[in-house]
Amino acid sequence: MAYWLLKTEPSEFSIDDLEALGSKTEPWDGIRNYQARNIMRDKIKVGDKALIYHSSCKDVGAVGTAEVVENAYPDPAQFNPKSKYYDPKSNRDNPRWVCVGVKFLSKFDNIVALKQIKSTPALAEMVLVKQGRLSVQPVTAKEWKVINQMAKG
DNA sequence: GCCAACGTTGGC
DNA sequence: GCCAACGTTGGC
């Protein structure tokens, strides 16, 4: 069982939207970055857990957790010309992009802000701190524990 | 809205 | 295969 961090823009899809789905599966689609794609395709497995992270918004940080309930499969949005995630260079015989399915686990009592993460020595090695622009990234068991502890306030 | 970091594209 | 131009991400 492994841990991950999934970024989302709350104006597009927030932890509240995920919570509202209850135990329903949400396809984590629209990832259009090869590094992130490879992690989803090769590493993320059913039963893994993920921090949900709000980016590009007022309160940037980790806001809750989700569980992986579906392994990687072709992201349907890449084939839909109406979708903003449409990719004309992809095709069904050889799909370029994948997504995984997740479901809501928890919403944090307190958001663990990026600022706090950056000022916590135990979290200094997080990919989030070292490489800001990756939207799907690994989290160690230690980092997972520390952040969940901080979330309780 | 600005801009730094960095990934992708395309000419050669 | 190099690298400049360009586009996107994402914090501030």
Side-chain angles (χ1 to χ4, degrees), chain A residues 2-21 26-44 48-66 68 71-102 104-140 142-153:
Chain A
Y3 298 104
W4 309 97
L5 182 146
L6 301 174
K7 287 189 191 175
T8 181
E9 299 188 15
S11 59
E12 297 286 324
F13 187 83
S14 73
I15 187 70
D16 294 319
D17 295 327
L18 186 62
E19 182 172 25
L21 292 175
E26 166 70 11
W28 206 258
D29 59 3
I31 303 293
R32 296 291 179 269
N33 169 285
Y34 289 109
Q35 221 181 327
R37 190 273 313 264
N38 292 347
I39 291 172
M40 290 200 294
R41 187 189 60 196
D42 304 334
K43 304 280 176 60
I44 300 187
D48 287 355
K49 290 178 181 175
L51 293 168
I52 302 299
Y53 177 93
H54 282 176
S55 67
S56 300
C57 62
K58 188 165 145 284
D59 296 311
V60 171
V63 292
T65 62
V68 177
N71 291 334
Y73 62 95
D75 179 348
Q78 69 194 307
F79 306 125
N80 179 2
K82 299 260 175 65
S83 169
K84 71 176 206 174
Y85 299 122
Y86 178 60
D87 184 349
K89 290 176 188 162
S90 185
N91 62 73
R92 288 176 192 277
D93 294 333
N94 187 20
R96 182 179 288 195
W97 306 110
V98 301
C99 60
V100 296
V102 302
F104 176 79
L105 269 191
S106 72
K107 181 181 172 179
F108 290 160
D109 295 331
N110 303 308
I111 178 175
V112 181
L114 179 60
K115 200 185 277 184
Q116 287 173 269
I117 291 172
K118 283 182 172 168
S119 62
T120 303
L123 302 176
E125 296 301 313
M126 277 189 81
V127 180
L128 188 67
V129 176
K130 303 218 131 183
Q131 184 185 347
R133 292 170 71 260
L134 188 59
S135 53
V136 174
Q137 49 178 264
V139 170
T140 68
K142 187 185 91 178
E143 290 159 357
W144 175 269
K145 202 173 158 190
V146 169
I147 286 178
N148 275 275
Q149 199 59 44
M150 289 165 77
K152 289 177 194 157

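Chain letters run A, B, ... following the sequence lines, proteins first, then strands; residues in each count from 1. Bear in mind that the values here come from a model prediction, so they are computed numbers and not experimental data.
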field: Nucleotide nearest A:Q35 when distance is taken to its side chain, options B:dT9, C:dG11, B:dG7
entry: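 Shortest atom-to-atom distance from the side chain points to B:dG7.
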
* **Validation row: A:E143, A:L51 side chains within 4.5 angstrom (heavy atoms)** =>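 Contact flag for A:E143/A:L51 side chains = no.
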
Just so I know, are the side chains of A:F104 and A:E26 near enough to count as touching, which here means a heavy-atom distance under 4.5 Å?
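No. Closest side-chain heavy atoms not under 4.5 Å.
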
Grab the [atom1]-[atom2] distance between [X] and [N] for me, whole Å please.
X: A:Y34; N: C:dT9; atom1: OH; atom2: C1'; result: 17 Å
X: A:R32; N: C:dG7; atom1: CZ; atom2: C1'; result: 16 Å
X: A:I117; N: C:dC12; atom1: CD1; atom2: P; result: 11 Å
X: A:D87; N: B:dT9; atom1: CG; atom2: C1'; result: 13 Å
X: A:H54; N: C:dG11; atom1: NE2; atom2: C1'; result: 16 Å
X: A:K84; N: C:dG7; atom1: NZ; atom2: C1'; result: 15 Å
X: A:N33; N: B:dT8; atom1: CG; atom2: C1'; result: 10 Å
X: A:L114; N: C:dG10; atom1: CG; atom2: P; result: 11 Å

Strictly below 4.0 Å, N to O, side chains only: are A:K43 and A:D48 in salt-bridge contact?
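Salt bridge: no.
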
Ignoring backbone atoms, test whether [X] places a side-chain nitrogen or oxygen under 4.0 Å from the OP1 or OP2 oxygen of [N].
X: A:K7; N: C:dG10; value: yes
X: A:Y53; N: C:dG11; value: yes
X: A:K89; N: B:dT9; value: yes

Practice prompt. Would you classify A:S55 as touching base, sugar-phosphate or nothing, given that sugar-phosphate means primed atoms plus P, OP1 and OP2, and contacts are heavy atoms under 4.0 Å?
Written response: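 It contacts sugar-phosphate atoms only.
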
Output all residues satisfying salt bridge (Lys or Arg N to Asp or Glu O under 4.0 Å) with A:E12, sequence neighbours left out; order by chain, then residue number.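 Testing A:E12 for salt bridge (Lys or Arg N to Asp or Glu O under 4.0 Å), a comparison that skips the adjacent residues, returns A:K84.
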
- prompt: Can you list, by residue number, the residues of residues 126-136 of chain A that have a non-hydrogen atom closer than 4.0 angstrom to DNA chain B?
  reply: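 Contacts with DNA chain B under 4.0 Å: A:Q131, A:R133.
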
Short side-chain to backbone donor-acceptor contact, A:Q137 and A:L128, under 3.5 Å: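 It does hold such a pair.
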
_Centroid-centroid distance, A:W97 to A:Y73, less than 6.0 Å_ =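 No - the distance between ring centres of A:W97 and A:Y73 does not fall below the 6.0 Å cut-off.
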
task: Hey, can you tell me if A:Y3 and A:W144 have their rings parallel, tilted or perpendicular (30° and 60° cut-offs)?
output: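 Answer is parallel, since the angle falls under 30°.
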
